[in-house]
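One structure is given below, encoded as structure tokens.
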Amino acid sequence: MKTIEIDDDLYQFIAGQTQRIGESASDILRRLLPGAPVKAAVNTAPVKAAVNTAPVAAAVVEPAGKTKAGNIFDLVTPQDLQTEQNIVGRFLYLLSVLARVHKKDFAKVLEIKGRNRLYFGTSAEALNEAGSSTNPKQIPNTNFWVITNSNTTRKKMMLTETAIKLGYSAEDAERIRDLL
């Protein structure tokens, strides 16, 4: 495996060209570059960008078992995720898509709580009263609010718990988490 340095914008472009979950940067580049060598039968490792060592995340995936109300994977695209410039924006976007797909069940998020704080609420005031420095934000196109001052790991945990409450399998909940 070789490591190359690329600019952030180029990395984002390559990540945005992902067509299936688990597709490596090498696979994407082979598809995009005319005359690129065909992948050998030996399992090759993906190219990693030195500026961002996270694997290329796939956002468009084949649904792996729909829930009764639909599936977030039917609606989320790499372009939508790239539109959001930061983690909080992607977090709110993913929650809003989950809320849209699971309108009837989304109130279950109110059951998700930390030891000493609420994560979700029906107003900013309720979240502010339940803790300090919560920085609540409204989940777009819903009547629900979520705290946003937690670290990325906590946000991923909140997404995972939300997905499980809405009926996703543990595997699909992890896939949703990894979209963040």
Side-chain angles (χ1 to χ4, degrees), residues 6 8-25 28 46 48-49 51-67 69-103 105-114 117-121 124 127 131 133-142 144-180:
I6 60 174
D8 289 335
D9 60 330
L10 185 55
Y11 178 85
Q12 291 302 319
F13 173 78
I14 294 169
Q17 299 302 311
T18 305
Q19 292 183 342
R20 60 182 169 74
I21 193 150
E23 187 174 30
S24 71
I28 295 167
K48 290 184 181 176
V51 294
N52 186 348
T53 57
V56 175
V60 177
V61 294
E62 295 299 317
K66 290 186 162 225
T67 60
N71 194 304
I72 188 174
F73 302 114
D74 296 335
L75 301 175
V76 175
T77 67
Q79 293 78 18
D80 293 333
L81 290 172
Q82 284 182 335
T83 302
E84 300 301 336
Q85 296 295 319
N86 58 43
I87 294 291
V88 171
R90 284 193 295 278
F91 180 59
L92 292 170
Y93 169 74
L94 291 168
L95 288 171
S96 73
V97 173
L98 284 166
R100 184 173 17 153
V101 173
H102 302 281
K103 285 181 181 126
D105 294 329
F106 196 73
K108 291 179 181 179
V109 299
L110 297 173
E111 301 168 7
I112 301 170
K113 301 173 180 161
R117 74 173 5 171
L118 298 175
Y119 293 145
F120 294 91
L127 293 174
S133 303
T134 57
N135 194 21
K137 301 247 187 252
Q138 188 168 18
I139 299 170
N141 305 310
T142 74
F144 296 95
W145 291 72
V146 64
I147 63 167
T148 59
N149 74 326
S150 56
N151 62 31
T152 301
T153 301
R154 178 69 55 199
K155 287 181 185 74
K156 287 183 174 192
M157 182 276 309
M158 292 163 61
L159 268 178
T160 302
E161 285 191 41
T162 298
I164 288 170
K165 288 262 186 216
L166 296 175
Y168 288 88
S169 68
E171 179 181 297
D172 282 346
E174 287 180 18
R175 289 171 54 205
I176 292 168
R177 175 201 68 204
D178 291 341
L179 293 174
L180 189 61

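One-based numbering along the sequence shown.
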Worksheet entry | Presence of salt bridge, Asp172 and Arg175, under 4.0 angstrom |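 Yes.
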Worksheet item: Does anything in residues 154-166 pair up under salt bridge (charged side-chain N to carboxylate O under 4.0 Å, His left out), and if so which pairs, sequence neighbours excluded?
Response: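 Residue pairs with at least one partner in residues 154-166: Glu111-Lys165.
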Discussion item. Using modelled atom types and a 3.5 Å cut-off, is there a donor and acceptor pairing between side-chain atoms of Tyr168 and backbone atoms of Ile72?
Written reply: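 Pair found, side chain donor or acceptor close to backbone of Ile72.
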Discussion item. For Gln138, is there any backbone N or O sitting under 3.5 Å from a side-chain donor or acceptor partner on Thr142?
Written reply: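 Here the side-chain-to-backbone pair does not exist.
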Fill in: Residue among Thr134, Ile87, Val88 satisfying side chain to side chain contact (heavy atoms under 4.5 Å, CB included) with Thr148
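Result: among Thr134, Ile87, Val88, Val88 is the only option passing the side chain to side chain contact (heavy atoms under 4.5 Å, CB included) with Thr148.
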Fill in: Trace of the side chain to side chain contact (heavy atoms under 4.5 Å, CB included) decision for Leu81 with Val76
CA-CA 7 Å; Leu81 290 172; Val76 175; 3.9 Å; yes
If you measure from [atom1] on [X] to [atom2] on [Y], what distance do you get to the nearest 0.5 Å?
X      : Y      : atom1 : atom2 : answer
Leu75  : Leu98  : CG    : CG    : 9.5 Å
Glu174 : Leu179 : CD    : CG    : 12.0 Å
Leu159 : Leu180 : CG    : CG    : 5.5 Å
Trp145 : Leu110 : CH2   : CG    : 14.0 Å
Leu127 : Tyr119 : CG    : OH    : 12.0 Å

Worksheet item: Can you list the residues that meet the salt bridge (Lys or Arg N to Asp or Glu O under 4.0 Å) rule with Lys137, with sequence neighbours excluded?
Response: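 Salt bridge (Lys or Arg N to Asp or Glu O under 4.0 Å) check on Lys137 returns nothing, list empty.
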Between [X] and [Y], which heavy-atom pair has the shortest distance, and what is it?
X      : Y      : result
Thr160 : Arg177 : OG1-CB, 3.3 Å
Gln82  : Gln85  : O-NE2, 3.6 Å
Ile176 : Phe73  : CG1-CZ, 3.6 Å
Met158 : Ser150 : SD-OG, 4.1 Å

Worksheet item: Looking at side-chain heavy atoms only, is the closest gap between Phe106 and Ile139 below 4.5 Å?
Response: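 Counting from C-beta outward, Phe106 and Ile139 do come under 4.5 Å.
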Discussion item. Quick check: do Phe120 and Thr162 have side-chain heavy atoms less than 4.5 Å from each other?
Written reply: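 Phe120 vs Thr162: side chains touch.
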Discussion item. Counting only heavy atoms not in Asn151 (residues, nucleotides, ligands), do more than 12 fall under 6.0 Å from its CG?
Written reply: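 Result for CG/Asn151: enclosed.
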